[in-house]
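Have a look at the structure below before the remarks.
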Amino acid sequence: MDRSGAPAASAARDARADHVARAVRAFRPVSVRADGGGRVDGARVDGGGRVDGGGPAPAAAFRWDVAGDPRDPLAVALRHASRRDAEPAVAVVLGTAHRSGDSAVLLEGIARAGASGGRRLVLLHRGAGGGSLLRSAALESPGLRVAVLELPVRDAGPGLPARIARLARDAAPGAELRVAGDGTVTRTGWRAVTLPEPPLPPDGPARPGGAALITGGLGGLGLRAAAVLSAVRGYRPVLLDTTAPGELPPRPAALLRRLCDAPPGADVLTADVTDHRAVARVLGRVPLPVRAVVHCAGVVAGGPVAGARARDLDALVAPKADGLGTVLDVLDTGALRHLVVFGSVTARVAHRQLGGYGLANELLRREALRRAAALPRCATVVAEWSLWSGAGRAHEMGAVGQARRMGMAPVPLAPGMAALLRLFRWPAGARAAGAVVLTGPGEDSTFPPKGPDEWDNSPT
């Protein structure tokens with residue numbers, strides 16, 4: 001060791017960073033193939049994990065009431081398979097992306113199923129999503145039986161819609177299945193993983209020579225993320241928020257002053273992230289190339305799904321999914337090297353009163369991963385956090401204690417920010433883009449889900 005003690009100090013920093021990063025548990029989704037013959041959650045599949053295309057139909061059948069595009073081949077196939085003397089069931093058929101009006105269709109399907117005698121609801125979509133909303137509706141409305149089928153964008157052969165209709169008929173309540181173009185059926189399992197190692201700390205802050213845009217930048221998590229990226233990664237933070245600096249309470253205002261006073265400084269931009277013109281105008285003032293985006297913007301609001309209106313859901317979706325699209329449309333994405341999207345575990349597991357928030361975060365994940373295809377030089381990761389303690393809306397609302405009593409494991413602030421730094425080691429390229437669920441230390445009784453085939457113990 002030299003006289004300055006620098007190696008020892010560096011080792012101590014390494015040890016502290018490793019300790020706090022390991023206080024956050026990480027899980028990656030994995031596809032679990034529905035094989036072995038027979039059934040997966042009641043869905044008929046053959047021995048190769050494919051949708052059963054033949055053989056005698058089981059006795060169960062439904063009288064389908066279809067919400068969505070009546071011309072969709074799936075809607076046609078469901079109506080053809082419907083039996084007038086059978087138990088009533090509702091199917092919601094959506095397309096490849098969530099579009100205007102889809103929130104209303106989802107709510108209409110939930111309402112129809114609740115009013116029907118069978119209380120059976122199946123969502124069939126090709127990427128539009130919505131399963132998170134149905135999941136919460138079923139949790140809040142005992143007796144409502146839901147299933148979700150995500151289907152290929154294009155049907156491989158004319159017989160697939162009819163086979164999908166049979167799968168919709170057979171899928172057990174709670175089933176969430178994906179069907180590939182060849183008919184292979186999978187579901188999501190979960191694998192515990194270790195996040196990528198952070199870079200070795202330099203003698204001083206790194207100087208990548210660019211800016212990091214943080215949307216929702218004046219919120220509790222946005223300010224902390226900006227401070228960490230400035231101090232450790234050397235980015236100049238650009239904080240985009242609807243709130244003006246003069247409107248901040250004392251403590252966030254003090255954090256902002258410290259951030260602006262410390263090198264390399266910070267820029268604060270005031271605009272609604274869903275307003276394309278306003279975002280383009282303020283980002284046009286940023287002199288440095290934006291190398292990283294941390295998308296924290298969002299609105300937290302609760303309430304039962306049964307009482308929600310389509311405009312309520314759309315208001316939650318807008319700053320999340322639409323806001324991300326606005327930012328990426330405005331930026332020079334050729335200069336972008338990191339895209340870290342702050343999502344929520346509510347997109348994966350139902351929580352009472354948070355169905356709309358779960359939908360917003362599900363659609364955010366889908367939008368981010370869809371956009372990754374056009375970002376070949378960028379590392380794209382969706383961080384689906386549990387609630388945070390120490391900062392963030394749940395902390396500000398006093399919900400952390402209640403969450404712990406419910407068995408959740410909140411993410412502590414310092415370990416969470418250390419985990420964020422590790423996410424900046426995510427590999428680049430569309431094929432590497434993905435999502436990771438992050439919870440606090442200790443056991444979380446709400447995640448991973450405890451259903452069959454939802455936990456995968458194979459090595460990472």
Between atom [atom1] of [X] and atom [atom2] of [Y], what is the distance when rounded to the nearest 0.5 Å?
| X | Y | atom1 | atom2 | value |
| --- | --- | --- | --- | --- |
| Leu438 | Ser386 | CG | OG | 9.5 Å |
| Leu121 | Leu106 | CG | CG | 9.0 Å |
| Arg166 | Asp170 | CZ | CG | 9.0 Å |
| Asp241 | Asp272 | CG | CG | 10.0 Å |
| Leu239 | Asp267 | CG | CG | 8.0 Å |
| Leu149 | Arg178 | CG | CZ | 11.5 Å |

Is there a side-chain contact between [X] and [Y], using heavy atoms and a 4.5 Å cut-off?
| X | Y | result |
| --- | --- | --- |
| Met417 | Trp388 | yes |
| Leu94 | Asp72 | no |
| Leu316 | Leu359 | no |
| Pro237 | Leu213 | no |
| Arg281 | His276 | no |
| Leu256 | Leu223 | yes |
| Thr326 | Asp275 | no |
| Leu218 | Leu248 | yes |

* **Any side-chain donor near an acceptor of the partner, Asp314 and Ser103, under 3.5 Å** =>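 Checked: Asp314/Ser103 side chains pair up, N/O donor to acceptor below 3.5 Å.
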* How about Thr380 and Arg371: does a side-chain donor come under 3.5 Å of a side-chain acceptor? ->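 Judged by distance alone, the side chains do not pair up.
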Please check if the side chain of [X] supplies one atom and the backbone of [Y] the other of a donor-acceptor pair under 3.5 Å.
| X | Y | value |
| --- | --- | --- |
| Thr184 | Ala180 | no |
| Arg28 | Ala435 | yes |
| Glu140 | Val305 | yes |
| Arg425 | Leu421 | no |
| Arg337 | Gly334 | yes |
| Trp426 | Ala432 | yes |

Locate the shortest heavy-atom distance separating [X] from [Y]; write the atom from each residue and the value.
| X | Y | result |
| --- | --- | --- |
| Pro29 | Thr188 | CB-CG2, 3.9 Å |
| Leu313 | Ala308 | CD2-CB, 4.3 Å |
| Gly442 | Ala409 | O-CB, 4.4 Å |
| Leu124 | Ala168 | CD2-CB, 4.1 Å |
| Pro427 | Ala379 | O-CB, 3.4 Å |
| Ala301 | Tyr357 | O-CB, 4.3 Å |

* Do Thr186 and Val32 pass the side-chain contact (heavy atoms from CB on, under 4.5 Å) test, and can you show the C-alpha distance, the side-chain angles, and the key distance before you say yes or no? -> CA-CA 5 Å; Thr186 60; Val32 179; 6.0 Å; no
* After noting the C-alpha distance and the side-chain angles of Val294 and Phe342, does the key distance pass the side-chain contact (heavy atoms from CB on, under 4.5 Å) rule? -> CA-CA 7 Å; Val294 180; Phe342 272 43; 3.7 Å; yes
* Asked: Does a side-chain N-to-carboxylate-O contact under 4.0 Å join Arg135 and Glu176?
  ->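 Answer for the salt bridge query: yes.
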* Glu150 and Arg126 ion-paired at < 4.0 Å -> no
* To do: Assess whether side-chain hydrogen bond (donor to acceptor under 3.5 Å, both in side chains) is satisfied between His295 and Thr215, documenting all intermediate values.
  => CA-CA 5 Å; His295 185 53; Thr215 67; 2.7 Å; yes
* **Residues that Arg431 engages under side-chain hydrogen bond (donor to acceptor under 3.5 Å, both in side chains), provided they are two or more places apart** =>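 Listed in chain order: nothing, the list is empty.
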* To do: Please work out whether the ring planes of Trp190 and Phe447 are parallel, tilted or perpendicular, with thresholds of 30° and 60°.
  => perpendicular
* To do: Return the orientation label for the His338 and Tyr235 ring planes: parallel under 30°, perpendicular over 60°, tilted otherwise.
  =>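 Judged by the thresholds at 30° and 60°, the geometry between His338 and Tyr235 is perpendicular.
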* **Candidate list Val92, Leu133, Asp312, test side-chain contact (heavy atoms from CB on, under 4.5 Å), partner Leu107, passing option** =>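 By the side-chain contact (heavy atoms from CB on, under 4.5 Å) criterion, Leu107 pairs with just one of Val92, Leu133, Asp312: Leu133.
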* Is there a side-chain contact (heavy atoms from CB on, under 4.5 Å) between His125 and Leu151 once you walk through the steps? -> CA-CA 6 Å; His125 70 95; Leu151 311 172; over 6 Å; no
* Asked: How far apart are the C-alpha atoms of His98 and Arg366, what are their side-chain angles, what is the distance that settles it, and do they pass the side-chain contact (heavy atoms from CB on, under 4.5 Å) test?
  -> CA-CA 9 Å; His98 190 85; Arg366 292 180 180 277; over 6 Å; no
